Amino acid sequence: MTQHTAISPDECRSCVRVFDVLSDHHHSQRGKLRNADLVARLEERRQDGEPRLGDRATRVHVAHLQEHSRIGEDRRTPLPGMTVAPAQEIAPSDIWTPLDYVLTVTCRDRTCRRMLVILARSADATWGGQMGLAQLADLMGCSLRTAGTHRRHLSEDGLVRLTEQITTHASGHITRSPDRYLLLSGLITAGTAGESWEEDAARDVLAQITWWTGGTKAERQKAVWKILKRLRNGWSVADILTHVDIVPGRPVIHRLGLLESLLPGANEPRPVPAFEHVTDRAIGPVLCAAGCGRQFPHSSGVMPGKVCRVCREERTEEASSFVFAGPSSDPAF
């Protein structure tokens, strides 16, 4: 039998048509649906410009739906919660917010899409945020297990990157904050071979790691090589600093071991953030929305449109002076 092209059912208009007919038949409970009946119903609904699906072509699309876990083994029953629908087509110039972007993304199922929308609505100016699994499950109205499964799907599909937030206190007690997440585009950054001078950039990164103090010359050189490896794989300085930005609860003894555990994998390619893919700009400092030119010290956690403290205080003073000025003593008023 002819094989289906290697694309998601959401991107195949014929798969969408077949799934719609199967869903309507399942909800109507009209009994067994033969392939000939399925072909006939597809022909009845066919619109101008859509291809005519014969017996063999229909079987190919049905098998493709089953392969991608949209319908059951009987090749007729849609699995619970599954959907097949094309993503919205939005021009890049019309994408302004994370929510605009995720509406153009194709997800595995309806639950994954709902989770992606929730994450987008809570995203900050970097198109990322911080949300624990329990909070995410509560917002979705599902169990922790279900939320964990679909969050893992988004991570596997290259749509979300998760970073654990773990703090070890001096007493040895370990606490975990809500996981930091970043919306991704599903694309991979091409690495570069690099030149010897790039070691200077790696040394600059090492100097910005707050917990790295002391160490021998050999340790520092090995740390530079580890960082340089990630830079050549396409990871930016901001990405690396985000990974290693922790506050250890006890003195760091094995510096190289801790650094290796925090850095991305040695051969792990860098996924392209959604913000960078849409705006063609790297995630950088966030500026005050009032236009004063001041930038926030940390990009993460800053919501779009946030005004800096200085501008807020100036606005408060102006409002106070207007309120407490009192009525004019001029007789004309």
Side-chain angles (χ1 to χ4, degrees), residues 124 126-135 148 151-152 154-156 158 160-184 188-189 191-273 276 282-285 296-302:
D124 54 28
T126 65
W127 290 26
Q130 198 163 3
M131 183 178 297
L133 186 60
Q135 182 183 1
R151 191 176 68 165
R152 185 173 65 254
L154 294 177
S155 178
E156 293 172 351
V160 173
R161 184 178 73 196
L162 299 171
T163 305
E164 293 185 342
Q165 305 286 327
I166 299 178
T167 303
T168 303
H169 301 274
S171 61
H173 179 64
I174 298 177
T175 57
R176 177 171 178 170
S177 303
D179 295 332
R180 176 76 189 169
Y181 68 88
L182 183 69
L183 299 179
L184 302 179
I188 301 296
T189 302
T192 175
E195 301 293 341
S196 59
W197 61 266
E198 288 186 354
E199 288 194 10
D200 293 336
R203 291 190 179 92
D204 292 339
V205 174
L206 183 62
Q208 297 181 62
I209 301 178
T210 56
W211 54 264
W212 183 283
T213 56
T216 64
K217 182 178 180 180
E219 283 182 324
R220 290 194 297 272
Q221 185 60 48
K222 289 181 179 179
V224 167
W225 287 339
K226 291 180 182 295
I227 297 173
L228 182 59
K229 175 66 175 177
R230 276 67 178 184
L231 291 174
R232 290 177 175 176
N233 285 347
W235 293 89
S236 66
V237 173
D239 293 328
I240 295 176
L241 291 176
T242 299
H243 276 76
V244 301
D245 184 20
I246 66 169
V247 180
R250 60 184 65 180
V252 179
I253 301 177
H254 303 288
R255 301 176 184 83
L256 289 176
L258 178 59
L259 181 64
E260 182 71 26
S261 66
L262 295 175
L263 288 172
N267 298 314
E268 179 182 350
R270 173 184 178 264
V272 180
E276 182 176 320
I283 297 175
F296 293 92
H298 300 287
S299 298
S300 61
V302 181

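All values reported here derive from a predicted model rather than from experimental measurement.
Looking at heavy atoms from C-beta onward, Val237 lies in side-chain contact with Leu231 at the 4.5 angstrom threshold. By the 4.5 Å heavy-atom criterion applied to side chains, Ile240 and His243 are not counted as neighbours. Trp211 has its side chain within reach of Leu258: a pair of non-hydrogen atoms, C-beta onward, lies under 4.5 Å apart.
Closest approach of Ala223 and Leu256 over heavy atoms only: N-CD2, 3.7 Å. Minimum interatomic distance between Trp235 and Arg161 (heavy atoms only, all atoms of both residues): CZ3-NH1, 3.4 Å. Nearest heavy-atom pair, Arg255 versus Thr213, reported as atom, atom and distance to 0.1 Å: NE-O, 2.8 Å. Smallest separation of non-hydrogen atoms from Leu162 and Tyr181: CD2-CB, 3.8 Å. Annotation for Pro271 and Pro269: closest pair CD-O, 3.4 Å, computed over non-hydrogen atoms. Between Leu184 and Val160, the shortest heavy-atom distance links the atoms CD1-C, 3.8 Å.
Distance check: Leu133 CG to Arg152 CZ gives 10.5 Å after rounding to the nearest 0.5 Å. Atom-to-atom distance recorded for Asp179:CG and Gln135:CD is 11.0 Å, nearest 0.5 angstrom. From Ile209, atom CD1 reaches atom CD1 of Ile227 across 4.5 Å, with rounding to the nearest 0.5 Å. Leu182 contributes atom CG, which lies 12.5 Å from atom CD of Gln130 (distance to the nearest 0.5 angstrom). For the atom pair CZ (Arg203) and CG (Leu228), the distance works out to 9.5 Å, reported to the nearest 0.5 Å.
Remark: side-chain polar atoms of Glu276 are not paired, donor with acceptor, to backbone N or O of Pro273 under 3.5 angstrom.
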- Stepwise side-chain contact (heavy atoms from CB on, under 4.5 Å) test for Arg230 and Glu268: CA-CA 8 Å; Arg230 276 67 178 184; Glu268 179 182 350; over 6 Å; no
- Task: Might you work through the side-chain contact (heavy atoms from CB on, under 4.5 Å) test for Lys229 and Asn267, ending with a clear yes or no?
- Result: CA-CA 8 Å; Lys229 175 66 175 177; Asn267 298 314; 3.6 Å; yes
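Test Asp239, Ile188, Asn233 against Arg270 for side chain to side chain contact (heavy atoms under 4.5 Å, CB included) and you get one pass: Asp239.
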